[in-house]
Trainee: 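Below is a structure I'd like to ask you about.
Computed from a prediction, not measured in an experiment: that's the story for all the values here. Throughout, a chain's letter reflects where its sequence line sits, starting with A, and its residues are numbered from 1.
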Amino acid sequence: MPELPEVETIVRSLRDGTRHCGLNVIGQQVRAATVLWERTLENISPQIFQQKIAGQTVENIHRRGKFLVFTLNRDTMLVHLRMSGDLRVEAGFYPDGNTIALQPHDRLVLWFASGQRMAFNNPRKFGRVWLTDTPQEVLGVLGPEPLDETLTDQQFHAMLLAYKRMLKPLLMDQHFLAGMGNIYTDEALFRAKLHPRTISNTLTQPRSTLLLQEMRKVLKEGIQRNGASIDWVYRGGDFQNDFNVYGRAGEACPRCGTEIVRMLVGQRGTHICPNCQQK
DNA sequence: ATAAACGCCTGACGGC
DNA sequence: TGCCGTCAGGCGTTTA
């Protein structure tokens, strides 16, 4: 489901206590965990996971690429939502003490000492959770954050020059850059007037700089609008109303009026204005 | 080194 | 109504 802006929105809502029920997850102590689908856990068995996480307190929550990083007092829990994951925070029990029923496709639940719970819902079962005391083993392979202002135009240009790869799959490669997904990549390439199949090492410094600027702009706008809501999966954001090309095949380009085209690039549905974005 | 093909999964949607 | 193909915000592994 989510790309960088959606994950950032979820992280902030968990931190602010605005996720579904007004509970700030920071400071919550985990009383127990329920694992409803074993393979949700990437690096640990359900038994060890339950054993290790019980009693730990959530000290901080942040985002790295598309990962949610829960810093606990002993370990770190990493959550990747992949295509269809979501986190709900809600009451776990009725006033009479009975457990409130879980939702279809809930795969893992943390029960807090406060009586609230956090449920990892994941219809397509692609999402994964890690519990580790060495999170760098997972996060260390990620490329830089596009919104990190210490990433300079010169550095970004040098990164592009280091590969002879099609621009879109390269930008979406999490080892190259962390956080770009299918939608925001299409939107950034449209704004920068770049064809998704452009070979990375052919970009001039000015075009590379424009690309980085447009990526940052579109990501920031996405965050400001709380992400994009499409399909049945993610709710809450409204950036989908500002898409220029994604999901708009057959419609007129907002810039020049040419019909927007859908094509496949790197096995992913890709939307471009064939007039504005030429190789 | 690069890219395609495929696997992992469930659900929504459009066409017939 | 039901069935079928296609598509989906991701990513790892295998193959060419």
Trainee: Quick one: which of C/dG10, C/dG9, B/dT10 gets closest to the side chain of A/H105?
Mentor: B/dT10

Trainee: Just the rounded figure in Å: distance from P of C/dA8 to CD1 of A/I230.
Mentor: 10 Å

Trainee: Does a side-chain N or O from A/Q174 land closer than 4.0 Å to OP1 or OP2 of C/dG10, or not?
Mentor: no

Trainee: Please measure how far the P atom in C/dT1 lies from the corresponding atom in B/dT10, and state the result in whole Å.
Mentor: 25 Å

Trainee: Calculate the interatomic distance between A/E42 atom CD and C/dC11 atom P; express it in whole Å.
Mentor: 13 Å

Trainee: Would you mind reading off the distance between A/Q267 atom CD and B/dC6 atom P, rounded to a whole angstrom?
Mentor: 9 Å

Trainee: Rounded to the Å, how far apart are A/D86 CG and B/dT10 C1'?
Mentor: 15 Å

Trainee: Hey, are A/D186 and A/R268 close enough for a salt bridge, meaning a charged N less than 4.0 Å from a carboxylate O?
Mentor: no

Trainee: Taking the side chain of A/K164 as heavy atoms from C-beta outward, which of B/dT2, B/dA5, C/dG12 is closest to it?
Mentor: B/dT2

Trainee: NA contact type, A/S229, heavy-atom cut-off 4.0 Å: base, sugar-phosphate, or nothing?
Mentor: base

Trainee: Tell me whether the OP1 or OP2 atom of C/dG12 has a side-chain N or O from A/R82 closer than 4.0 Å.
Mentor: no

Trainee: Base, sugar-phosphate, or nothing for A/G127, non-hydrogen atoms under 4.0 angstrom?
Mentor: nothing

Trainee: Is the gap between the ring centers of A/F190 and A/Y246 under 6.0 Å?
Mentor: no

Trainee: Check whether any side-chain nitrogen or oxygen of A/K66 sits under 4.0 Å from OP1 or OP2 of C/dG9, and answer yes or no.
Mentor: no

Trainee: Ignoring hydrogens and angles, answer whether the base of C/dA8 and the side-chain atoms of A/R124 contain a donor-acceptor pair closer than 3.5 Å.
Mentor: yes

Trainee: Among B/dC8, C/dC7, C/dG9, find the nucleotide with the atom closest to the side chain of A/R262.
Mentor: C/dC7

Trainee: Closest to the A/M172 side chain: C/dG9, B/dA5, C/dG10?
Mentor: C/dG10

Trainee: Counting only heavy atoms from other residues, nucleotides and ligands, does the tally under 6.0 Å from CZ of A/R207 exceed 12?
Mentor: no

Trainee: Of all the choices, C/dG10, B/dT10, B/dA3, which nucleotide is nearest to the side chain of A/H80 once you look at every atom?
Mentor: C/dG10

Trainee: Is there a side-chain polar atom (N or O) of A/Y246 under 4.0 Å from OP1 or OP2 of C/dG9?
Mentor: yes

Trainee: Whole Å only: how far is the CD1 atom of A/I183 from the P atom of C/dA8?
Mentor: 10 Å

Trainee: Between B/dA4, B/dT2, C/dG9, which nucleotide has the shortest distance from any of its atoms to the side chain of A/N182?
Mentor: C/dG9

Trainee: Using ring centroids (six-membered ring only for Trp), state whether A/F120 and A/W37 fall under 6.0 Å.
Mentor: no

Trainee: Measure CG/A/D173 against C1'/C/dG12 and give the value in whole Å, please.
Mentor: 11 Å

Trainee: For the salt bridge (Lys or Arg N to Asp or Glu O under 4.0 Å) test, which of A/K66, A/R225, A/R63, A/K220 pairs with A/E8?
Mentor: A/R63

Trainee: Using the six-membered ring for Trp and the full ring for Phe, Tyr or His, decide whether A/F126 stacks on the six-membered base ring of B/dC8 (centres under 5.5 Å, planes under 30°).
Mentor: yes

Trainee: Measure up the A/H80 and A/F67 rings against each other and bin them: parallel (under 30°), tilted (30 to 60°), perpendicular (over 60°).
Mentor: perpendicular

Trainee: Give A/R197 one of three labels, base, sugar-phosphate or nothing, depending on what nucleic acid heavy atoms sit under 4.0 Å from its own.
Mentor: nothing

Trainee: Now, which nucleotide makes the Watson-Crick or G-U wobble pair with B/dG14, with each of the two distances under 3.5 Å?
Mentor: C/dC4

Trainee: Closest to the A/K125 side chain: B/dT2, C/dC11, B/dT10?
Mentor: B/dT10

Trainee: Pick the C1' atom in C/dG10 and in B/dA1, then give their distance to the nearest Å.
Mentor: 23 Å

Trainee: To the nearest Å, how far apart are A/R268 CZ and B/dC6 C1'?
Mentor: 14 Å

Trainee: Suppose you measure atom C1' in C/dG9 against the same atom in B/dA3; what distance do you get, rounded to whole Å?
Mentor: 22 Å

Trainee: Expressed in angstrom and rounded to an integer, what is the separation of A/N121 atom CG from B/dT10 atom P?
Mentor: 13 Å

Trainee: Among B/dT2, C/dG9, B/dT10, find the nucleotide with the atom closest to the side chain of A/R107.
Mentor: B/dT10

Trainee: Do A/P135 and A/V69 come close enough that some side-chain heavy atom pair is under 4.5 Å?
Mentor: no

Trainee: Hey, is the side chain of A/R165 poking within less than 4.0 Å of OP1 or OP2 on B/dA1, counting only N and O atoms?
Mentor: no

